[in-house]
Amino acid sequence: MTNRNATEEPIRFAYWVPNVSGGLVISTIPQRTSWDADYNRKLVRIAEEAGFDYALTQIRFTAGYGAEFQHESVAFSHALLAATTKLKVIAALLPGPWNPTIAAKQIATISELTENRIAINLVSGWFSGEFRAIGEPWLDHDERYRRSEEFITALRGIWTQENYTFRGDFYRYTNYNLKPKPAVTPEIFQGGSSRAARDMAARVSDWYFTNGNTPAGVRAQVDDLQAKAAANGHTVKVGVNAFVIARDTEQEARAVLQEIIDHANADAVKAFGHEAKNAGKASPEGEGNWAKSTFEDLVQYNDGFKTNLIGTPDQIAERILALKDAGTDLALLAFLHFQEEVAYFGEHIIPRVRALEAARAERAEAA
Ligand SMILES: Cc1cc2nc3c(=O)[nH]c(=O)nc-3n(C[C@H](O)[C@H](O)[C@H](O)COP(=O)(O)O)c2cc1C
């Protein structure tokens with residue numbers, strides 16, 4: 001299956017907003033990335049100019065992988081939208097602290113204020129210590145997804161239906177009429193790779209966001225996801241995480257990766273790995289994010305090294321096409337020095353990807 005996106009749409013690009021401190025690697029390697037507002041406003045303009053379609057902000061209440069300081073995701077997303085005109089910003093929401101009514105109202109207002117450029121990433125939680133710290137009960141893995149699915153169903157219902165009534169186990173609404181409703185229903189992304197995550201995406205999400213992986217690993221997930229979605233009559237797109245290290249030679253790029261790993265903050269990596277694997281253990285089939293991650297993988301906390309966008313611009317462009325062949329619609333990217341490297345990606349890699357896509361389309365037409 002799945003040459004679904006091999007020739008159709010151009011692959012989309014998103015970047016991780018560094019709205020938490022410490023960058024996107026758990027390493028003491030010097031980074032010019034900053035988590036502050038001015039840095040991020042400049043970065044989002046660079047990304048928009050470079051041809052990125054989306055920026056994804058993170059939700060975090062306590063340090064989890066380093067990330068000692070954190071700006072709140074929805075508020076920060078709004079600030080980035082106010083600094084741009086084209087790109088969409090994906091704000092993360094966590095069931096528990098958020099409920100669908102608050103989220104529906106808050107996101108509808110931001111949508112109205114920003115030409116419908118806000119989207120959301122519904123995360124289900126992996127960090128029990130954080131839930132404890134903020135006074136939220138910690139549900140079992142699959143229960144978290146049952147709640148997330150109700151959240152998405154209710155959120156979309158409130159956004160799109162008059163006098164919305166819903167009777168779930170976690171949320172209940174009676175004749176609720178959101179006014180005004182968003183003019184364009186915001187896209188709903190969802191983070192998580194377990195079977196429960198795929199099952200939920202195959203029923204209700206617009207986008208399935210997964211951790212870094214090889215094209216074969218992505219394809220296995222996509223095949224399962226798309227078979228289930230087809231059976232449900234549902235359409236879902238796929239985004240894959242990757243950490244990009246683009247240098248003139250592959251050797252230089254690999255040396256940077258080695259330096260990041262050599263400077264890993266070992267205690268923080270192990271503490272993160274412990275929490276993440278523990279959270280996934282309750283996932284009965286053992287396929288959740290991080291289930292198979294090594295210490296080195298965890299240094300990029302969403303397994304971004306595994307995707308191997310590490311090398312020369314030509315190598316990276318080819319590997320992005322391989323991800324696309326595996327059924328990926330969007331590459332979600334992180335970098336060591338965000339401002340410089342996002343600009344470089346826009347200048348050297350996106351045009352190569354577009355050229356490869358155009359060449360394929362020509363070949364397909366000629367065939
Ligand atoms: C692209 C992506 C972004 C995510 N963003 C966040 C986030 O900002 N905050 C958070 O607590 N969890 C985040 N998660 C974690 C997921 O919501 C989920 O809890 C985690 O992937 C474990 O799920 P699994 O065991 O079902 O795979 C993200 C996951 C992915 C793949």
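Both counts, for ligands and for their atoms, begin at 1 and track the order of listing.
Residue Trp16 touches ligand 1 through its side chain alone, judged by heavy-atom distances below 4.0 Å. Contacts of Asn241 with ligand 1, taken as heavy-atom pairs under 4.0 Å, are absent altogether. Looking at Arg60 against ligand 1, only its side chain comes within 4.0 Å, counting heavy atoms. Contact annotation for Phe127 and ligand 1: no heavy atom of the residue comes within less than 4.0 Å of the ligand. The side chain of Leu332, and not its backbone, has at least one atom closer than 4.0 Å to an atom of ligand 1 (non-hydrogen atoms only; side chain from C-beta on). The side chain of His141, and not its backbone, has at least one atom closer than 4.0 Å to an atom of ligand 1 (non-hydrogen atoms only; side chain from C-beta on).
Within the 4.5 Å cutoff, side-chain heavy atoms of Asn241 are placed close to those of Gln300. Between Ile107 and Trp159 the shortest side-chain heavy-atom distance falls below 4.5 Å. Within the 4.5 Å cutoff, side-chain heavy atoms of Asp329 are placed close to those of Trp207. Side-chain contact between Glu150 and Phe166 is present, with heavy atoms from C-beta onward closer than 4.5 Å. Counting heavy atoms from C-beta on, the side chains of Leu80 and Asn40 come closer than 4.5 Å.
At a 4.0 Å cut-off, at least one heavy atom of Ser124 sits close enough to ligand 1 to count as contact. At least one heavy atom of Trp126 sits closer than 4.0 Å to an atom of ligand 1. Heavy atoms of Trp290 come nearer than 4.0 angstrom to ligand 1 in at least one pair.
Of all the listed residues (Ala291, Ala197, Gly191), Gly191 holds the heavy atom that lies closest to atom 29 (C) of ligand 1.
Where the criterion is an N or O separation shorter than 3.5 Å, residue side chain and backbone included, Ser193 meets it with respect to ligand 1. In terms of polar-atom proximity, Gly125 is counted as a contact of ligand 1, with an N or O under 3.5 Å from an N or O of the ligand. Considering both main-chain and side-chain atoms, Val123 never comes within under 3.5 Å of ligand 1 through any nitrogen or oxygen pair.
The distance from ligand 1 to the heavy atoms of Asn121 drops below 4.0 Å at these ligand atoms: 3 (C), 4 (C), 5 (N). Near Tyr145, with a cut-off below 4.0 Å to any heavy atom, the atoms of ligand 1 are 18 (C), 23 (O), 24 (P), 26 (O). Residue Asn211 approaches ligand 1 through these ligand atoms, each under 4.0 Å from one of its heavy atoms: 31 (C). Here is the list of ligand 1 atoms found below 4.0 Å of a heavy atom in Gly192: 21 (O), 23 (O), 27 (O), 31 (C). Within the listing of ligand 1, atoms 8 (O) sit less than 4.0 angstrom from a heavy atom of Gln58. The ligand atoms of ligand 1 that sit less than 4.0 angstrom from a heavy atom of Phe209 are 1 (C), 31 (C).
In this structure, Phe151 has its ring center at least 6.0 angstrom away from the ring center of Trp98. Aromatic pair Trp35/Phe338: ring centres not closer than 6.0 Å. Phe243 has its ring centre less than 6.0 Å from the ring centre of Phe305.
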Taking it one step at a time, do Thr101 and Asn99 satisfy side chain to side chain donor-acceptor pair (under 3.5 Å)?
CA-CA 6 Å; Thr101 338; Asn99 68 51; 3.2 Å; yes
Test side-chain contact (heavy atoms from CB on, under 4.5 Å) applied to Val353 and Leu321, step by step
CA-CA 7 Å; Val353 171; Leu321 267 276; 3.8 Å; yes
Yes or no on ring-ring contact (aromatic ring centres under 6.0 Å, His included) for Phe52 and Phe345, after CA distance, side-chain angles and deciding distance?
CA-CA 10 Å; Phe52 279 71; Phe345 192 90; 5.7 Å; yes
As a quick check of understanding, evaluate side-chain contact (heavy atoms from CB on, under 4.5 Å) for Tyr145 and Asp199, giving each step before the final call.
CA-CA 9 Å; Tyr145 279 94; Asp199 289 355; over 6 Å; no
